[in-house]
Amino acid sequence: MSVVAPRPPRRLLAVPLAVFALAAACAAAMVWTLERQDRAQLRAQVADIAGDHANALQRAIGLALSANNALMALVREGQGTVTQFEEIGTQMLPFYPGIAAMGLSPGGVVRQVVPRQGNADTIGFDQLNDPRQGAESERARESGQLTLAGPMELVQGGLGVVGRQPVYLEDDLGQRSFWGFTYVTIRLSEVLAAARLPQLIERGCRYRLWRIRPDTGHEQTIAASTPAASADAVSRVLTLPNGQWTLSLIPAAGWGAPGVLALRCAVGLLFALLMAYLAHLLVALKAHERGLAHQVAQRTAEIQATQQQLRAIIDAVPDPLFEIDLDGRCCSVHSQRAELLVAPADALVGRNVTQVLPALAAQSVLEVLHEAQSRGWSTGRQIMLDLPRLGSTWFELSAARKPDGADARPRLILLARDITQQREAQERVQHLAHFDPLTDLPNRTLLAERARRHIADAQARGEQLATLFLDLDHFKNVNDSLGHRVGDILLVAVARRLESLLRPQDTLSRLGGDEFLLLLPSTHAAHAGEVATRILSAMAQPFQVEPYELSTTASVGIALYPADGDSFDTLCQRADAAMYQAKRGGRNRHGFFTADLQARSVRTLQIENALRRALERGQLELHYQPQVSLATRQIVGAEALLRWRHPELGQVSPAEFIPVAENSGMILAIGEWVLRTAVHDAKRWLDMHLPLPAISVNLSAVQCRHPQLPEMVARCLRQAGLPARRLELELTESAAIDDPAAALAMMEQLHGRGVRLSMDDFGTGYSSLSALKRFQIHKLKIDQSFVRDLDADANDRAIVSAIIRMAQALGMQTTAEGVETEGQLEFLREQGCDAGQGYLFGRPLPADAFEAYLRTHRDNQATAEHVGS
Ligand SMILES: Nc1nc2c(ncn2[C@@H]2O[C@@H]3COP(=O)(O)O[C@H]4[C@@H](O)[C@H](n5cnc6c(=O)[nH]c(N)nc65)O[C@@H]4COP(=O)(O)O[C@H]3[C@H]2O)c(=O)[nH]1
């Protein structure tokens with residue numbers, strides 16, 4: 001199961017940024033709203049203030065202007081004549097604050113004015129014709145309404161307005177006529193002071209009192225703070241007789257409060273950052289949660305996978321598994337094979353091993369449990385149980401401590417592995433390791449063990465011990481003629497018959513093939529000889545093997561401890577030597593190991609040791625013996641014969657050292673040297689045009705069995721540069737006996753490379769015609785034992801002539817070996833033998849001598865040809 005890992009937390013940045021943007025937008029909206037509310041509130045406050053002051057101003061001007069009403073009443077009262085004006089006017093002035101002057105202008109010309117002081121200059125001022133006030137005065141006269149002129153620079157100085165009331169008088173006839181004006185001059189500074197305009201600055205406002213001039217249509221500032229109120233001011237309009245005045249107010253610090261705004265912005269930013277941070281924490285928390293959830297899912301999946309794997313492993317275990325407490329009480333059972341349980345699993349749970357197992361087995365189980373409890377594990381203990389279905393079954397117990405559970409009572413897992421087959425196999429292997437599978441007799445290994453024990457006993461008790469080496473005579477014939485199955489049955493029968501002749505303390509062993517070894521402890525030479533005699537006469541009794549009644553004999557060699565050796569190997573070797581001696585003595589007999597045999601085995605050892613260094617020390621040499629055509633006396637070939645001269649051993653015959661070389665394996669290296677030397681010599685002579693058509697080289701059976709032989713031959717030829725058809729390899733019949741199929745394959749390969757094969761010593765061995773045919777033999781060499789007595793022995797003559805005819809029939813050449821006399825030569829020629837080799841034609845010669853021989857032969861031949869021609 002796989003768990004998809006959470007994606008990398010990109011949101012860790014994106015979400016806080018988004019939240020920050022949102023929070024910042026909210027904060028900005030909030031700040032903007034608050035600002036708007038504050039501004040509206042401030043505007044309302046300022047508007048109230050403006051209203052207050054505008055009203056106060058309007059009242060102040062209105063009050064000042066109302067003085068005209070009183071003056072107009074005076075004029076009308078006096079029908080245009082006002083006496084005591086100065087007195088009345090002076091009394092009125094205190095009731096009209098802000099009035100700088102008030103006066104009467106009959107016909108538009110100022111005639112009376114109070115206070116006189118400061119205004120005396122205005123007497124005579126013609127209001128209707130004044131360029132600045134004329135138009136205004138004219139409008140008042142025409143409208144009959146109170147008009148207000150200004151603000152303007154007053155004649156008295158300073159800025160002020162003039163409220164002018166036209167006065168019309170009615171005569172008795174009710175005719176209205178213009179009398180003139182009453183007027184009041186209002187000094188603006190005082191009116192404004194009365195309306196507390198300057199205090200606006202203290203109240204934190206900037207102001208501007210202004211109007212639109214009716215004559216120009218432009219704004220005219222009447223009064224203003226420094227600096228004046230700007231365009232976005234709150235305004236209140238005062239309606240006055242000559243139009244409208246406007247009072248504009250603006251907070252001195254402006255509509256906004258930058259400090260508050262900055263604070264709010266800072267708070268908003270802080271809020272946004274806080275929200276972003278919280279969002280970051282939240283996202284991180286979520287990511288952490290997701291990570292945790294992922295880890296939990298992953299661990300869960302792993303645990304599940306482990307559990308499944310564990311379950312699969314447990315299911316795959318074919319052996320019973322028990323959960324068991326330290327006292328041996330079974331808590332649970334798992335077994336794929338119910339037949340491996342002593343009782344059904346249900347019946348085992350809750351019961352103690354002492355109740356369900358035999359006492360010994362139960363004891364073993366408890367010991368295993370306790371060992372596992374103290375050491376952590378236990379393994380290797382084996383028990384055998386008699387199971388209802390399987391019978392005797394062996395188990396190997398393994399136990400391991402289970403981690404303490406909640407109840408803290410120690411529990412263990414016990415595995416009982418069925419090792420019945422393994423034990424049987426071990427026993428079989430053990431048996432095979434020590435017993436011969438065919439006869440079930442102890443093999444050499446077991447025999448050696450017992451021999452060592454018996455030798456030690458014999459040494460301790462001062463006794464003798466005999467080893468008898470027995471080899472059946474001509475057993476190979478049984479195998480060859482009746483087959484290996486019959487041979488095997490015969491061997492088993494021989495084994496049983498031999499066993500019947502022995503004492504209980506004796507050991508009979510089969511070493512392999514038809515070789516048996518007997519070990520007779522606590523014996524002496526006479527008893528050993530008796531046993532050997534009994535064996536020979538027992539063997540002489542025919543064996544009934546299936547339909548065949550087989551007669552066989554045996555040769556027995558005896559070696560005694562301590563006289564002939566004090567080790568098993570030595571005794572064995574010497575009994576073997578004695579057996580060979582018995583064979584050489586005519587078989588079906590026994591013989592004791594003797595001093596003469598000992599001397600021979602010593603010589604063999606000497607030869608073996610010396611031969612190991614013969615090659616490297618250049619002690620080996622090749623001699624060449626000519627092979628001559630019997631018809632023409634021409635040289636048809638030469639046989640290479642190995643010579644060994646040892647500084648101490650002297651000239652050693654190949655008949656003696658070649659078997660030693662074969663037994664020790666040295667023949668491979670020596671044989672290769674022989675072949676290489678022979679083909680090199682032959683090539684040299686070929687190059688010298690000496691008359692040598694072919695060279696023959698002996699191959700031992702050991703060489704023939706070597707799989708690399710064809711390659712080795714080809715390599716030697718290639719290195720020397722000698723054509724393959726000029727080489728002839730001489731094989732003995734024994735080369736093909738052990739493994740004819742392999743020998744055939746090897747010979748086919750040699751033949752395939754163009755090398756000729758000849759059969760050496762023909763007639764002395766197997767002489768199988770079918771083998772000859774299959775092996776593609778080119779030539780038969782008639783053994784010298786038949787040639788030797790040709791003159792005297794009619795049998796030999798018959799054999800030789802039969803061999804020659806047979807060879808002719810098979811299309812093979814013949815070469816007779818050991819030709820020494822003219823008589824032999826004559827007979828062989830008459831029979832049609834192709835060639836001869838022997839002292840009559842020439843003895844084996846060292847290479848240089850043989851080269852001289854070849855040269856002489858060539859010269860003689862040339863002379864003969866010359867004479868003949
Ligand atoms: N009495 C008598 N003997 C004659 C006469 N003409 C030749 N001989 C001997 O007869 C033997 C012929 O060789 P072989 O049968 O192959 O028998 C050879 C051969 O089987 C083996 N041998 C020799 N050289 C080699 C070798 O290089 N390799 C192997 N594998 N075996 C070799 O040793 C055997 C003995 O060799 P040699 O002692 O050299 O003995 C030679 C030779 O000297 C004769 O007219 N009268």
Side-chain angles (χ1 to χ4, degrees), residues 607 611 614-615 619-628 630 635 637-645 650-682 695-706 709 712-713 716 727-736 757-765 779-791 796 800 803 814-825 827-828 833 835-847 849-850 853:
I607 287 176
L611 197 57
L615 246 185
Q619 295 167 354
L620 297 180
E621 189 188 4
L622 283 189
H623 284 198
Y624 295 93
Q625 185 175 31
Q627 296 169 338
V628 175
L630 298 188
I635 296 173
E639 181 179 3
L641 292 161
L642 191 54
R643 295 291 175 263
W644 179 30
R645 171 170 288 283
Q651 187 77 36
V652 187
S653 159
E656 189 178 12
F657 73 79
I658 291 278
V660 177
E662 284 178 332
N663 287 336
S664 62
M666 284 186 279
I667 192 67
L668 293 175
I670 292 174
E672 185 170 347
W673 178 86
V674 168
L675 187 71
R676 205 169 44 242
T677 310
V679 294
H680 267 98
D681 287 345
I695 189 90
S696 298
V697 175
N698 288 287
L699 280 188
S700 92
V702 177
Q703 281 177 284
C704 291
R705 283 195 289 272
H706 197 268
L709 176 72
M712 191 271 281
V713 171
C716 287
L727 175 65
E728 192 172 288
L729 295 175
E730 295 191 6
L731 319 167
T732 55
E733 291 169 299
S734 62
L757 305 173
S758 64
M759 186 60 80
D760 205 2
D761 306 336
F762 191 75
T764 58
K779 180 194 285 180
L780 293 185
K781 292 190 78 177
I782 303 165
D783 191 67
Q784 56 178 283
S785 60
F786 302 115
V787 177
R788 193 178 302 131
D789 297 328
L790 274 182
D791 295 336
D796 285 349
V800 168
I803 291 172
T814 43
T815 298
E817 289 183 302
V819 182
E820 294 181 359
T821 65
E822 288 292 341
Q824 292 163 344
L825 170 64
F827 176 78
L828 290 165
C833 181
Q837 177 182 343
Y839 297 163
L840 182 67
F841 309 112
R843 288 181 177 264
L845 295 169
F850 185 67
Y853 167 85

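Keep in mind the model is a prediction, meaning the values are calculated, not measured. We count ligands from 1, going down the list as the structure has it; atoms in each ligand are counted the same way. All residue numbers refer to positions in the sequence shown, counting from 1.
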Taking only heavy atoms of [X] into account, list the atoms of ligand 1 that are under 4.0 Å away from them.
X    : answer
E820 : 1 (N), 2 (C), 44 (C), 45 (O), 46 (N)
V674 : 27 (O)
P844 : 43 (O)
G818 : 5 (C), 44 (C), 45 (O)

Using every non-hydrogen atom in the two residues, find where V674 and L622 come nearest and quote the distance to one decimal. O-CD1, 3.5 Å
For a quick test of reading the model, state the closest non-hydrogen atom pair linking C833 to I782 and the distance between them. SG-CD1, 4.4 Å
With a 4.0 Å cut-off on heavy atoms, is K781 in contact with ligand 1? no
May I ask whether R643 has any heavy atom positioned less than 4.0 angstrom from an atom of ligand 1? yes
Under the 4.0 Å line, does any protein heavy atom show up next to atom 40 (O) of ligand 1? no
Using protein heavy atoms only, decide if any is under 4.0 Å from atom 11 (C) of ligand 1. yes
In terms of side-chain heavy atoms, does S700 have a donor or acceptor partner in E662 at a distance below 3.5 Å? yes
With distance as the sole criterion, is a donor-acceptor pair present between the side chains of Q625 and E639 under 3.5 Å? no
Return the residue, atom name and 0.1 Å-rounded distance of the protein heavy atom closest to [atom].
atom                    : answer
atom 18 (C) of ligand 1 : L641 CD2, 4.4 Å
atom 33 (O) of ligand 1 : P654 CB, 3.5 Å
atom 29 (C) of ligand 1 : N698 CB, 3.4 Å

Looking at non-hydrogen atoms alone, which of H623, Q837, Q784, E656 comes nearest to atom 9 (C) of ligand 1? Q784
Classify the contact between D783 and ligand 1 as side chain, backbone, both or neither, using a heavy-atom distance cut-off of under 4.0 Å. neither
What do we get for T732 next to ligand 1 when only non-hydrogen atoms under 4.0 Å count, side chain, backbone, both or neither? neither
